[in-house]
Every structure is written in C-alpha cells, then in structure tokens.
Amino acid sequence: MTVTQPGRTGQGGTPVELVTLTIDDVEVSVPKGTLVIRAAELMGVDIPRFCDHPLLEPVGACRQCLVEVTDAGNGRGMPKPQASCTLEVAADMVVKTQVTSPVAEKAQHGTMEFLLVNHPLDCPVCDKGGECPLQNQAMSHGRGESRFVETKRTFPKPYEVSEQVLLDRERCVLCARCTRFSEQIAGDPFIALVERGAHQQVGIGASSTEDAGTQPFHSYFSGNTIQICPVGALTSADYRFRARPFDLVSTPSVAEHDACGSAIRVDHRRGKVMRRLAGDDPEVNEEWITDKDRFCFTWPTVGDRIRTPLVRGDGGELEPASWPAALAAAARGLQAAEGKVGVLPGGRLTVEDAFAYSTFARIALRTNDVDFRARAHSKEEAAFLASSVAAGPMQVTYADLERAGTVVLVGLEPEDEAGAIFLRLRKGMLAGRTRVISVGSHTSRGLQKLGGQLVSAVPGQEAAALETWAAGLGDDAGPVVLLVGERLATVPGGFSAALRTSTALGAPLAWVPRRAGDRGAVEAGCLPNLLPGGRPVNDAEARADLAAVWGVRSVPGRVGRDTAGIIGAAVDHKLRALVVGGVEVDDLPDPTAAREALDAADFVVSLEVRESDVTRAADVVLPVAPAVEKPGTFLTWEGRYRPFEAVLHEPGSLTDIRVLAGIAEEMGVDLGFRTVSGARERFVEVGAWDGERLPAPDVTAPDLTAPSGAPRKTVLATWRQLIDDARGQDGQAKYRATARRPVLRASAATLAAAGVAPGQPATIATKVGSATFSAEVADLPDGVVWAPSNNGVNLRAALRAGHGDTVTLTPGETS
C-alpha cells in the first residue's frame with residue numbers, strides 16, 4: 001500500500017509518500033525509495049553487510065546482505081535471495097531476513113564462507129582487530145568452522161596506495177567502499193578495482209597489477225578510506241601495528257585546523273594520541289574529515305615544546321623560571337609600558353581564550369590595540385566583520401550548501417581552505433541541486449571537481465567581476481548563497497561589493513576564515529574597532545553596558561590599531577610592549593617589519609606551545625596548552641558553537657586564560673575568571689549587543705585597469721594549499737609527502753611573453769627576493785600568475801608579496 005502522509009514533508013517541503021511492506025512478519029511503513037536494508041534497520045533488524053554505507057551509492061558488491069523476498073509486491077516471490085542494500089521497497093512487499101528465513105540465513109553463511117576462503121587469519125596483528133565488522137559478522141552470521149583446506153592466496157605487502165595509505169591486498173573483500181568514496185565523495189578517482197575473478201584486487205587506476213602504482217592516491221581525504229574499510233585491508237602508515245582498539249581511550253573532540261568545526265574522535269594511550277578518526281555529525285561533517293584533521297596531531301610533540309616559563313635574564317639569555325616569577329616579570333614589564341601595549345592573539349584560539357585576550361587588553365592594559373588577524377587584512381574587512389558577522393544570526397548552514405541553487409565563492413578555495421564545505425558542495429552538485437560559481441583567477445582542481453563555473457578576475461578586481469556577474473543574472477536565477485573568504489581582505493572594495501550583491505540578490509552571505517579560532521575571535525572582540533558581543537568601540541552606550549558586566553569604571557573608547565598598525569607603531573616606538581599569542585611571523589603581511597617590531601619593542605610577552613621566532617625574541621615566554629590538552633569551544637564559519645573537552649591532562653599545562661588571569665592579578669587587576677568554565681560563563685553573561693551596529697563598509701573598488709601603452713605588470717594570485725609547510729603539520733612526513741607539487745600557473749601567452757616554456761622553471765621576483773617553480777599552463781588572464789603561498793617557499797617571507805601584488809616573471813635556472 002502506498003499513501004501520502006499529511007504533515008510529513010521531505011526536502012523542499014514536498015509531502016512524503018509512504019510505502020507499506022512486511023519484514024519478518026511485521027508491517028512497516030517507510031518513505032518511497034527506501035532500501036530494504038534501511039527499512040529493516042528502522043525495525044531494529046541488523047542485516048549483515050560490508051559494501052553498504054549510508055553515504056555511498058549502493059553497489060551490491062559483497063552480497064552479504066542477502067534476504068528472501070517471498071512477495072515482490074506483485075503476488076510473486078523472487079526466485080533467489082536478493083541483496084537488500086540495492087533493493088528498494090515496494091508496496092505490499094514481503095521480506096524475510098536471516099531472523100525468520102532459513103534461506104536467507106544459509107545464503108549469508110555461504111557468502112561469508114566465500115569471503116573467508118582467502119582472507120588471512122591474522123586478527124591478532126591486524127589493525128582492525130577488535131573493531132572489525134568481518135570478525136563480528138563471521139561470529140554472528142558465519143559457519144562454526146571452515147571447510148577450506150587449500151592454500152590461501154597471498155600478495156606482497158604492504159602495497160603503498162600512497163605514502164600514508166597502505167593496502168594488505170589479501171584482506172580485501174572487494175566491497176568497493178574505498179573506490180566509491182574516492183569517486184563519489186572526494187572526486188579523486190585514483191584507486192579502482194582491477195583485474196577479474198581470483199585476481200581481482202584494489203589498484204591505483206591501472207589496468208593490470210604490473211602497472212599499478214604509477215599514480216599514488218594523493219587525495220586530501222584519503223584517510224577516510226581507511227576508516228570505512230570494513231576488514232582492515234587499508235591501514236595508516238603511522239598507526240599500523242602501534243595499538244589495539246581495546247588498548248585505547250576514546251574522546252570526542254573538534255578538529256582545530258580550519259573553521260569547519262568537524263567532529264573527530266581522538267584515541268589515546270598512556271598520555272599519547274595514537275590516532276584520530278572522523279566523528280559522526282550529520283549537521284556538520286557527516287562522517288568525513290580531511291587528512292589534515294586526521295593525521296596532523298603530532299605538532300605539539302616534535303621536540304621543541306616549551307615546558308617551563310622562560311624569562312630573559314641580565315645576560316640577555318632566556319632562562320627557566322617558576323610560574324610565579326614569570327607572571328610577575330610579565331606584569332612588571334607590561335606595567336612599565338604605561339598602556340602603550342599591542343596585543344596579537346592569533347587565530348588558533350578557542351572562543352574562551354579569545355575572550356580572555358580581549359578582556360585582558362581592555363581591563364588590564366586599557367587599550368583597544370588588539371587584533372587576531374595574523375595575515376593580510378584591511379580596515380574594510382574590520383568594518384565588514386563588525387557590521388555583518390559579529391553577533392549575527394546563522395545565515396548559512398552546511399545543509400543549505402547542498403540544496404542551494406547557486407553558491408558563489410569569492411576569495412575562497414574550499415578544497416584547500418575548508419574541506420567540509422568542499423564535500424558538501426560536491427554532494428549538492430552530484431545530486432543536481434547546487435551550482436558552484438567561483439570568482440577567481442583560474443579553474444582550480446577543486447572547482448573542476450565541483451563542476452563549477454569560473455568568473456575570471458584579475459587579482460584585485462574580484463569586486464568588479466562579482467558585481468558584473470550578478471548584474472547579468474536573470475529573474476529566474478533561483479536562490480543564491482555567497483561565501484567569501486579571508487583573501488577578499490586583499491581586494492579593495494571586495495567586502496563592500498559582496499554586501500551589495502547579497503542585498504541585490506537577497507542572498508545570504510557567510511564569511512569563511514581559514515583558521516579555527518577566527519570566527520570566535522570576532523565574537524570575543526579581538527578587533528581594534530569591536531568589543532565582545534559585537535559592541536562598537538566608539539559607542540558610549542555599548543562601552544557602558546560592557547563596563548557594567550565587567551565591573552570596571554570604564555572601557556577604552558578610542559578605536560585601536562590593527563595588526564599592521566601595531567607592528568608599525570612598535571617599529572616607531574609608539575608602542576613599547578607587545579603581547580603575542582600563537583602567531584607565526586612569516587604569516588604576517590610584512591614578516592620583515594614584524595621582526596623589526598619584535599626587536600624594537602622594549603618588552604615582549606609570548607604565550608606559545610613551541611619555540612618560534614616570537615619566543616626567541618621575547619622577554620617572557622609563557623607555555624600554554626594546545627587544544628588537545630584543554631577544554632574549550634570553537635565557533636565555526638556558520639556561527640555554530642562546537643564545545644569540546646580536554647583529551648590529555650598534562651601536568652603544568654595551562655590555558656591562555658589561566659596565564660592571562662595570572663598576569664592581570666600580578667598587575668592588581670581581576671579579569672573575573674581564571675578557568676575555561678569561568679570565561680565561558682562571563683562570555684555568556686556579556687551576551688550579544690542589541691544596539692546600533694557599526695555601519696557596513698561602502699568602499700568603491702579602484703580602477704586597476706592599466707592605461708593604454710603602460711608597461712605590462714605581472715599580477716600574483718595565490719592562496720595557501722591544504723598541505724603546505726605550516727608548522728601545524730610538523731611530525732607528519734608521510735602526510736606532507738602527499739602534498740601537491742608546487743607549480744606556477746599562467747596562461748600560454750603570459751609564459752611565452754616571459755620566455756618560459758611549459759614544464760620548465762619559472763621565477764617570480766620582487767625587489768625583496770625571488771621564488772622558482774615549474775611552469776604550467778592554466779586558464780588565467782594574461783598578465784597573471786598563480787603560485788602557492790607556502791609550499792616549498794613562503795611568498796610573504798621570500799618576496800614580501802601576496803595576492804594582488806605585482807611581480808616580475810622570468811625563466812628560472814635549470815638545475
């Protein structure tokens with residue numbers, strides 16, 4: 001029987017059509033199109049399976065989920081058992097699973113026996129042992145003993161699918177989960193089933209076993225194939241043979257490498273993280289994470305971890321000190337600066353830590369010279385964040401991305417900068433619901449995999465390109481979503497154009513930063529023009545409201561300096577001291593000026609996990625805990641709060657909150673909290689500002705078109721790739737080996753004009769320095785080159801150049 005149930009609606013608000021069938025003598029109604037295996041799950045019947053996965057297209061490869069269909073809905077039964085993972089329900093169908101059908105049970109036993117014919121009996125040493133579906137189902141749905149006495153098939157092992165993913169081919173049951181994931185989810189079809197019959201196995205897109213291995217599985221998401229492999233055939237090179245599941249303690253957490261807030265599970269033993277797995281969160285990352293989130297957890301333990309406070313002694317060297325002595329030294333130095341202090345928290349912070357920096361700057365230091373943006377930035381961006389992001393409602397969610405009519409990306413490369421967003425966009429694209437438009441320099445690999453359309457723009461002219469594209473849309477364009485990245489801060493008028501386009505199209509707009517702590521830092525007020533909760537610094541009522549919550553007489557009212565301004569003021573001795581959080585000098589807009597600022601400042605306090613350029617220049621170094629050793633909350637690009645608990649409990653590992661509260665107390669100031677929970681409670685108490693917001697920026701993009709006859713300049717387009725030289729990937733040599741080869745991309749005409757042949761070295765240079773890459777032809781505008789920001793060479797440090805800056809292009813020297 002088929003009925004339409006009023007009150008129940010599916011995607012788009014359409015009524016749900018229900019189908020009634022009988023499973024194991026129980027009548028059940030499920031939505032039309034439901035697979036039999038899902039309908040049985042709803043009843044609590046667990047049909048064994050290996051190839052089936054709810055996020056992958058059904059394939060019926062393993063045949064383990066066989067059921068008996070005594071009535072297909074037409075009064076006739078099916079002549080042999082059917083794979084329930086590929087069979088859709090039909091009205092009046094009658095299905096019997098292994099629970100009530102000896103036929104189904106015998107079929108499942110037979111399939112299991114065939115799967116075990118060549119499967120090795122190495123469970124005690126297999127990484128999957130103890131959490132293996134094959135083990136479990138061999139016990140529950142297999143024969144008590146094997147009838148197979150011949151020699152099992154073997155292969156040399158391990159077979160390197162990539163540097164990070166290893167394959168034990170004799171364990172593989174050909175379920176095709178890995179191949180389907182790579183093709184359907186990641187869009188990287190490098191692994192495939194090759195050969196036939198007894199010789200069939202997983203290879204790397206090759207036609208025979210002899211030429212397999214010529215194309216390694218270098219995907220940003222390859223680790224997910226390890227996790228969904230049901231038999232331990234795919235293993236991690238780092239985790240292989242290191243632990244058994246029953247030795248591990250598992251803790252749910254949140255990934256800290258980007259602003260996506262992906263759910264993860266951290267498995268640790270004896271105070272050491274052994275592996276990280278994707279958590280199951282349908283609203284955020286579903287069951288997938290990037291390889292960076294999976295493998296890059298070793299960076300705090302690579303050997304230069306700061307374990308004790310350091311204070312610069314009379315001899316000019318940093319010397320170990322007790323916590324009371326170091327906090328007192330930091331307080332004395334900051335008090336001596338007489339309020340002329342700049343605060344650079346960085347973008348790695350939890351919401352609670354960022355709130356502590358914001359509070360410390362305003363209460364203890366009496367300054368608004370605080371800015372979390374350890375990258376290229378602009379005053380227009382600060383105005384955009386204050387007016388349109390801080391304390392605003394959640395306008396765009398992950399679910400919106402996979403059902404939006406059109407998603408426009410401006411200054412954002414999701415595959416490199418926000419992996420969970422990329423996977424949702426690809427899911428929507430494959431379902432035919434989402435069209436992706438990218439305003440950028442060229443068709444990137446990620447845009448190709450999204451089937452997207454490029455709106456070509458010379459770096460610095462994205463604002464004009466966006467508005468021209470929007471003006472050309474017809475009335476039937478359908479719903480549009482705008483996603484803007486932090487790279488738009490380098491484009492004059494970029495954020496203003498995005499806001500105008502959003503208003504004109506009625507399109508929700510979301511800002512997608514690259515770092516996990518950036519959105520939370522905005523909410524916490526770590527900006528020179530913004531107080532916590534979206535309160536404008538220059539609004540007397542907002543300051544009074546905040547002062548009442550903080551219990552202080554007043555809050556500084558002068559708009560502070562941004563990161564560049566703080567650095568410049570320190571060089572000019574207008575600021576005497578700096579408080580620096582997790583900031584990498586080479587990420588800053590001008591690394592040379594930043595180093596000069598650290599040298600010029602009378603006093604520098606560094607709160608860091610590991611040694612860095614900042615700690616080496618600091619007068620007081622205060623070690624703080626990485627995310628794995630503290631509780632906290634990350635705020636995603638959506639505006640979704642993602643709390644997590646500490647995984648490890650290191651003695652003496654203090655949060656930024658506790659350190660800042662200790663310095664404040666030595667200065668005779670009470671921040672009102674000393675713990676993460678205390679900071680969280682105070683942040684909630686502060687709440688969102690409901691008064692007048694700062695006005696949105698309205699910057700007119702300058703005309704960057706070169707006048708006729710002017711000498712041609714080469715413009716640089718760049719962004720950071722997911723796998724690069726960042727220190728957050730330290731200790732993961734195998735993961736870094738899967739990075740994309742650094743290349744310089746330009747149009748054929750641009751390369752020819754510079755005398756560069758495709759495939760040959762090409763050098764980009766400024767007055768400061770140069771960098772050389774292998775040249776590659778791509779669909780960039782003439783006069784534009786693209787190179788990765790920090791893969792092989794850090795362009796900010798080497799060239800003092802970034803997105804939209806001009807460079808010279810010449811042939812490179814052949815080594």
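This chain uses plain numbering: 1 for the first residue, then up along the sequence. What's counted below: heavy atoms across the whole structure, side chains too, no hydrogens, waters or symmetry copies.
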| Residue of the set I437, L483, V484, L482 for which side-chain contact (heavy atoms from CB on, under 4.5 Å) holds with L409 |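 Filter result, single survivor: L483.
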Distance-only donor-acceptor check, side chains [X] and [Y], under 3.5 Å:
X: S222; Y: S162; result: no
X: E163; Y: H218; result: yes
X: E467; Y: T501; result: no
X: Q227; Y: R294; result: yes
X: Q448; Y: T443; result: no
X: Q721; Y: D416; result: no
X: S789; Y: T718; result: yes

Exercise. Applying side chain to side chain donor-acceptor pair (under 3.5 Å), run through T298 and T301 and close with a yes or a no.
Key: CA-CA 6 Å; T298 56; T301 61; 5.4 Å; no
Exactly one of D725, D730, D724, D291 clears salt bridge (Lys or Arg N to Asp or Glu O under 4.0 Å) with R736, and that residue is D730
As a quick check of understanding, evaluate salt bridge (Lys or Arg N to Asp or Glu O under 4.0 Å) for R375 and E584, giving each step before the final call. CA-CA 9 Å; R375 51 169 174 79; E584 292 295 327; over 6 Å; no
What distance do [X] atom [atom1] and [Y] atom [atom2] have between them, rounded to the nearest 0.5 Å?
X: H257; Y: C296; atom1: NE2; atom2: SG; answer: 5.0 Å
X: T766; Y: L799; atom1: OG1; atom2: CG; answer: 4.0 Å
X: R373; Y: D562; atom1: CZ; atom2: CG; answer: 5.5 Å
X: N791; Y: I723; atom1: CG; atom2: CD1; answer: 9.0 Å
X: F422; Y: T290; atom1: CZ; atom2: OG1; answer: 12.0 Å
X: I764; Y: T808; atom1: CD1; atom2: OG1; answer: 8.5 Å

So does [X] pair up with [Y], basic N to acidic O under 4.0 Å?
X: R487; Y: E462; answer: no
X: R610; Y: D304; answer: yes
X: E256; Y: R348; answer: no
X: R240; Y: D168; answer: yes

Practice problem: Could you tell me which residues satisfy side chain to side chain contact (heavy atoms under 4.5 Å, CB included) with S236, sequence neighbours excluded, listed by chain and number? | Solution: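 S236 satisfies side chain to side chain contact (heavy atoms under 4.5 Å, CB included) with Q164, I226, D238, Y239, F295 once adjacent residues are dropped.
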Check: Can you list the residues that meet the side chain to side chain contact (heavy atoms under 4.5 Å, CB included) rule with S182, with sequence neighbours excluded?
Finding: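 So S182 forms a side chain to side chain contact (heavy atoms under 4.5 Å, CB included) with I191, F217.
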### Message
Whether R276 engages the ring of F297 as a cation-pi pair (distance to the six-membered ring centre under 6.0 angstrom, angle to the ring normal within 45°) should be assessed.
### Response
no
Applying ring pair (Phe, Tyr, Trp, His ring centres under 6.0 Å) to F495 and not counting sequence neighbours gives F384
Side-chain touch [X]/[Y], heavy atoms, less than 4.5 angstrom:
X: W637; Y: I421; answer: yes
X: V715; Y: D805; answer: no
X: P623; Y: E608; answer: no

Quick one, R515 with D258, criterion salt bridge (Lys or Arg N to Asp or Glu O under 4.0 Å). Give me CA distance, side-chain angles, the key distance, then yes/no.
CA-CA 5 Å; R515 296 170 175 84; D258 59 28; over 6 Å; no
How close do [X] and [Y] get, heavy atom to heavy atom, and via which atoms?
X: F221; Y: A186; answer: CD1-CB, 4.0 Å
X: P811; Y: G755; answer: CG-O, 3.4 Å
X: A787; Y: L795; answer: O-CD1, 4.1 Å
X: A465; Y: A457; answer: CB-CB, 3.7 Å
X: A463; Y: V491; answer: N-CG1, 4.1 Å
X: R720; Y: A726; answer: NH2-CB, 3.4 Å

Next item on the list: Could you check R595 against D613 for salt bridge (Lys or Arg N to Asp or Glu O under 4.0 Å), going step by step and ending with a plain yes or no?
Entry: CA-CA 8 Å; R595 289 184 171 87; D613 290 342; 2.7 Å; yes
Heavy atoms from other residues, nucleotides or ligands near NZ of K157 exceed 12 (cutoff 6.0 Å)
yes
Check: With a 6.0 Å cut-off on ring centres, are H442 and W786 close enough?
Finding: yes
Open item on the list: Could you check whether any side-chain N or O of D599 sits under 3.5 Å from a backbone N or O of E596, counting only pairs where one atom can act as donor and the other as acceptor?
Closed with: no
Q.
Set out, in order, the CA-CA distance, both residues' side-chain angles and the distance that settles salt bridge (Lys or Arg N to Asp or Glu O under 4.0 Å) for R745 and E776, then state yes or no.
A. CA-CA 5 Å; R745 297 190 177 101; E776 186 177 279; 3.0 Å; yes
